[in-house]
Amino acid sequence: HASQESEQHPAYNNVARKLTSDLACHEIHRRPIFGFGNDDPVSVSRDGGWVQLTKPYGPFGYEAEDPAPRYVRKWRIYSVYWDENSSGTTNVQIKFELPGPIDPVFTLPRIAGGYGWRTDGYSDWFQFGSGLADDTDKGHGVAYVRLDSTAPYNNNGNVQWVEIVAYDCIF
């Protein structure tokens, strides 16, 4: 069972449950989608494009209740990853291809460390339309990862763990 496996993962156990600087938002659901069981880390490079990460079942709908009244739903990615130092901008990005017209893309903070120097972090925020339940694409999807880099050479990145985190935010 995925939740039992995820609880054994050290990255999952060390995460505080309220990790947002926005006091109007609170975490309501956290779902590991990659990095447990037989998942091997996925490597990416500046010249490599999007690489398939996983096929999560209903990534923005399964087990996440609809937003409470007077709240909108916002999403972030929590990940354990690394990106190699560069003289340009470098970010690991995670994209979900969904049945609807919008394919969310999440950008993780730049680490700019050495090859293999991993850390963890939260992506930027994403909201479907107005953030209400009817706007959320709850269909099944495919998650991809890439290294978005302007480095003058082919630098690298790697992803070991990914969670989708849902927040309810007062509007």
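Basis for what follows: all heavy atoms, side chains included, without hydrogens, waters or symmetry-related copies.
Across all their heavy atoms, Pro152 and Ser87 have their closest contact at CD-OG, 3.0 Å. Among all heavy-atom pairs drawn from Ala133 and Asp66, the shortest one is CB-CG, 3.4 Å. Looking at every heavy atom in both residues, Ser149 comes nearest to Ala151 through OG-N, 3.1 Å. Residues Gln93 and Trp50 share a closest heavy-atom pair of O-CZ3, 3.6 Å. Across all their heavy atoms, His140 and Gly58 have their closest contact at ND1-N, 2.9 Å. Here the closest non-hydrogen pair linking Val162 and Ser79 is CG2-OG, 3.9 Å.
To the nearest 0.5 angstrom, Asp137 atom CG is 4.5 Å from Leu98 atom CG. Going from atom NZ of Lys55 over to atom OH of Tyr144 covers 7.5 Å, rounded to the nearest 0.5 Å. Atom CD of Gln127 and atom CZ of Arg73 lie 10.5 Å apart (nearest 0.5 Å). Taking NE2 of His29 as the start and CZ of Phe60 as the end, the distance is 11.0 Å to the nearest 0.5 Å.
By the 6.0 Å and 45° rule, Arg118 does not stack over the aromatic ring of Trp82.
In this structure, Tyr78 is not a member of the same hydrophobic cluster as Val159, with clusters built from ILVMFWY side-chain heavy atoms closer than 4.5 Å. Both Phe128 and Ile77 are assigned to one and the same hydrophobic cluster, defined by single-linkage of ILVMFWY side chains at heavy-atom distances under 4.5 Å. Cluster annotation: Phe126 is not connected to Leu132 through the hydrophobic network of ILVMFWY side chains, with a link wherever side-chain heavy atoms come within less than 4.5 Å. With hydrophobic clusters built from ILVMFWY side chains whose heavy atoms lie under 4.5 angstrom apart, Tyr167 does not share a cluster with Trp75. Both Trp125 and Val165 belong to a single network of hydrophobic side chains, linked directly or stepwise wherever heavy atoms of I, L, V, M, F, W or Y lie under 4.5 Å apart.
Of the candidates Leu108, Ile33, Ile164, Ile94 forms a side-chain contact (heavy atoms from CB on, under 4.5 Å) with just one, namely Leu108.
Electrostatic pairing of Lys95 and Asp148 does not count as a salt bridge here, judged by no charged N lying under 4.0 Å from a carboxylate O.
Counting only N and O atoms by type, the side chains of Asn156 and Ser45 include no donor and acceptor under 3.5 Å apart. No donor-acceptor contact under 3.5 angstrom links the side chains of Thr107 and Asn91, judged on distance only. Asp39 and Thr54 form no side-chain donor-acceptor contact under 3.5 Å, judged by distance and modelled atom types alone. Between the side chains of Glu163 and Trp161, at least one donor-acceptor pair of N or O atoms lies under 3.5 Å.
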request  = Check the pair Glu65 / Ile28 against side-chain contact (heavy atoms from CB on, under 4.5 Å), numbers first and verdict last.
outcome  = CA-CA 8 Å; Glu65 295 181 12; Ile28 58 100; 5.8 Å; no
task = Using the side-chain hydrogen bond (donor to acceptor under 3.5 Å, both in side chains) rule, take Thr90 and Asp83 through it: C-alpha gap first, then chi angles, then the decisive distance, then the call.
result = CA-CA 7 Å; Thr90 300; Asp83 60 48; 5.8 Å; no
message = Set out, in order, the CA-CA distance, both residues' side-chain angles and the distance that settles side-chain contact (heavy atoms from CB on, under 4.5 Å) for Arg70 and Ile170, then state yes or no.
response = CA-CA 6 Å; Arg70 298 187 325 259; Ile170 297 173; 5.9 Å; no
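Taking the side chain as every heavy atom from C-beta outward, Pro67 and Val72 never approach each other to under 4.5 Å. The closest side-chain heavy-atom distance from Phe34 to Val42 is below 4.5 Å.
Other residues, nucleotides and ligands place more than 12 heavy atoms under 6.0 Å from the OH atom of Tyr153.
Without hydrogens or angle criteria, Asp47 side chain to Asn154 main chain gives no donor-acceptor distance under 3.5 Å.
Between Phe106 and Phe96, the two ring planes are perpendicular [angle over 60°; tilted spans 30° to 60°].
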